[in-house]
Amino acid sequence: MTVAEVLVSVRKYDGRLHWHHPMARLGEDEHGVWLGAQVGTVYSKGEVGPVYTTAEPRVMLFPRDAWWTVLFQAAPAGLEVYCDVTTPSEWPNHAEVTMVDLDLDVCRIRATGSVFVDDEDEFARHRVQYGYPLKVVRKRPRQPRGSPTLCATARNPSAVSTAGGWTWSASELRGCFGSVR
């Protein structure tokens with residue numbers, strides 16, 4: 001079996017490189033494209049370079065034409081589900097996926113199952129700084145109940161169950177992909 005490496009490249013609204021890291025293509029289904037990261041995957045931020053290394057396997061879903069992505073993290077991560085409000089993902093080629101981070105995140109805590117919206121202050125600041133158009137502003141969740149699709153994903157046991165199968169696949173990827181070029 002060959003594993004296709006994919007560079008996840010997240011930018012800010014002004015075009016600056018934000019997070020970037022390698023993942024492996026796990027598959028595609030009715031939910032979108034699934035990528036996995038093994039324990040020890042290096043995440044880099046902007047031009048700084050490596051910032052941290054994962055301590056758990058992760059699976060990330062890139063839904064088609066949605067204004068969000070979702071990351072499922074296995075234990076020991078404190079956040080089980082991390083939905084990132086973004087522009088719709090674009091695939092410039094089979095080995096790279098890009099999107100623009102729109103600051104807000106909807107997260108579910110593993111221990112309690114509670115869901116919260118994070119970085120509303122950053123969104124308010126960047127809304128003015130970058131001049132987010134109304135189309136972007138309307139996509140933001142105001143409260144967990146304010147973005148039904150996004151928050152349903154964070155709360156949905158079947159989504160987590162689906163991701164659980166992909167997480168197992170991600171944990172089997174040891175040594176399958178190298179550094180980001």
Side-chain angles (χ1 to χ4, degrees), residues 1-13 17-45 52-75 77 79-108 110 115 135-136 139-141 144 147-181:
M1 173 178 98
T2 55
V3 177
E5 183 175 288
V6 176
L7 172 63
V8 177
S9 181
V10 183
R11 297 193 172 273
K12 289 308 246 182
Y13 200 77
L17 185 59
H18 188 42
W19 289 107
H20 48 105
H21 52 87
M23 294 186 93
R25 183 180 296 274
L26 299 175
E28 194 168 340
D29 64 15
E30 70 276 11
H31 302 292
V33 177
W34 294 87
L35 302 181
Q38 64 183 353
V39 172
T41 298
V42 176
Y43 275 56
S44 295
K45 192 169 187 178
Y52 74 91
T53 303
T54 61
E56 68 286 316
R58 298 172 170 201
V59 170
M60 196 165 184
L61 171 63
F62 298 87
R64 293 169 201 83
D65 302 318
W67 282 73
W68 52 273
T69 62
V70 61
L71 177 70
F72 297 92
Q73 302 178 113
L79 294 178
E80 181 177 28
V81 181
Y82 187 97
C83 295
D84 199 1
V85 178
T86 68
T87 59
S89 300
E90 295 180 5
W91 295 83
N93 59 65
H94 71 281
E96 183 178 13
V97 61
T98 66
M99 73 279 320
V100 174
D101 177 63
L102 297 174
D103 312 313
L104 294 170
D105 310 299
V106 179
C107 306
R108 185 172 74 203
R110 178 180 312 284
V115 175
K135 175 182 175 180
V136 168
K139 297 296 180 182
R140 81 185 189 284
S147 182
T149 304
L150 186 61
C151 295
T153 299
R155 290 191 173 110
N156 185 346
S158 68
V160 175
S161 173
T162 299
W166 292 116
T167 302
W168 179 85
S169 297
S171 69
E172 298 300 308
L173 294 174
R174 289 182 184 88
C176 290
F177 54 96
S179 62
V180 176
R181 293 172 220 12

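Hydrogens, waters and symmetry mates play no part in the numbers below; they use all other heavy atoms, side chains included.
Between Trp19 and Tyr43, the angle of the ring planes goes over 60°, which puts this pair in the perpendicular group of the 30/60° scheme.
Taking Glu90 as the reference, Thr98 meet the side-chain contact (heavy atoms from CB on, under 4.5 Å) condition, with sequence neighbours excluded. Taking Tyr82 as the reference, Asp105 meet the side-chain hydrogen bond (donor to acceptor under 3.5 Å, both in side chains) condition, with sequence neighbours excluded. With sequence neighbours excluded, no residue satisfies side-chain contact (heavy atoms from CB on, under 4.5 Å) with Asp65. Under the side-chain contact (heavy atoms from CB on, under 4.5 Å) criterion, Val97 pairs with Val6, Val8, Leu35, Phe62, Ser89, Trp91, Met99, sequence neighbours left out. With sequence neighbours left out, the side-chain hydrogen bond (donor to acceptor under 3.5 Å, both in side chains) criterion links Glu56 to Arg58. Every residue two or more places apart in sequence or in another chain that forms a side-chain hydrogen bond (donor to acceptor under 3.5 Å, both in side chains) with Arg64 is listed here: Glu28.
Side chains of Met23 and Thr41 form no contact here, defined as non-hydrogen atoms less than 4.5 Å apart. Between Trp67 and Thr87, the closest side-chain pair of non-hydrogen atoms falls below 4.5 Å. Side-chain contact between Glu80 and Gln73 is absent, with no heavy atoms from C-beta onward closer than 4.5 Å.
Taking each heavy atom of Arg110 and Ala77 in turn, the nearest pair found is NE-O, 2.8 Å. Of all heavy-atom pairs between Thr69 and Pro63, the closest is CA-CD, 4.2 Å. Across Ala37 and Pro22, no two heavy atoms sit closer than the pair CB-O, 4.5 Å. What you find for Asp101 and Thr86 is that their closest heavy atoms are CA-CG2, 4.3 Å.
The NZ atom of Lys45 lies 12.0 Å from the NE2 atom of His21; values are rounded to the nearest 0.5 Å. To the nearest 0.5 Å, atom CG of residue Leu71 and atom CE of residue Met60 are 5.5 Å apart. The CG atom of Leu61 sits 4.5 Å away from the CH2 atom of Trp34 when rounded to the nearest 0.5 Å. Interatomic distance, Gln38 CD to Thr54 OG1, rounded to the nearest 0.5 Å: 7.5 Å.
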Show, in sequence, the C-alpha distance, side-chain angles and deciding distance for Leu26 and Val59, and conclude whether the side chain to side chain contact (heavy atoms under 4.5 Å, CB included) test is met. CA-CA 9 Å; Leu26 299 175; Val59 170; 4.0 Å; yes
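A donor-acceptor distance shorter than 3.5 angstrom exists from the side chain of Asp29 to the backbone of His31, with no hydrogens or angles considered.
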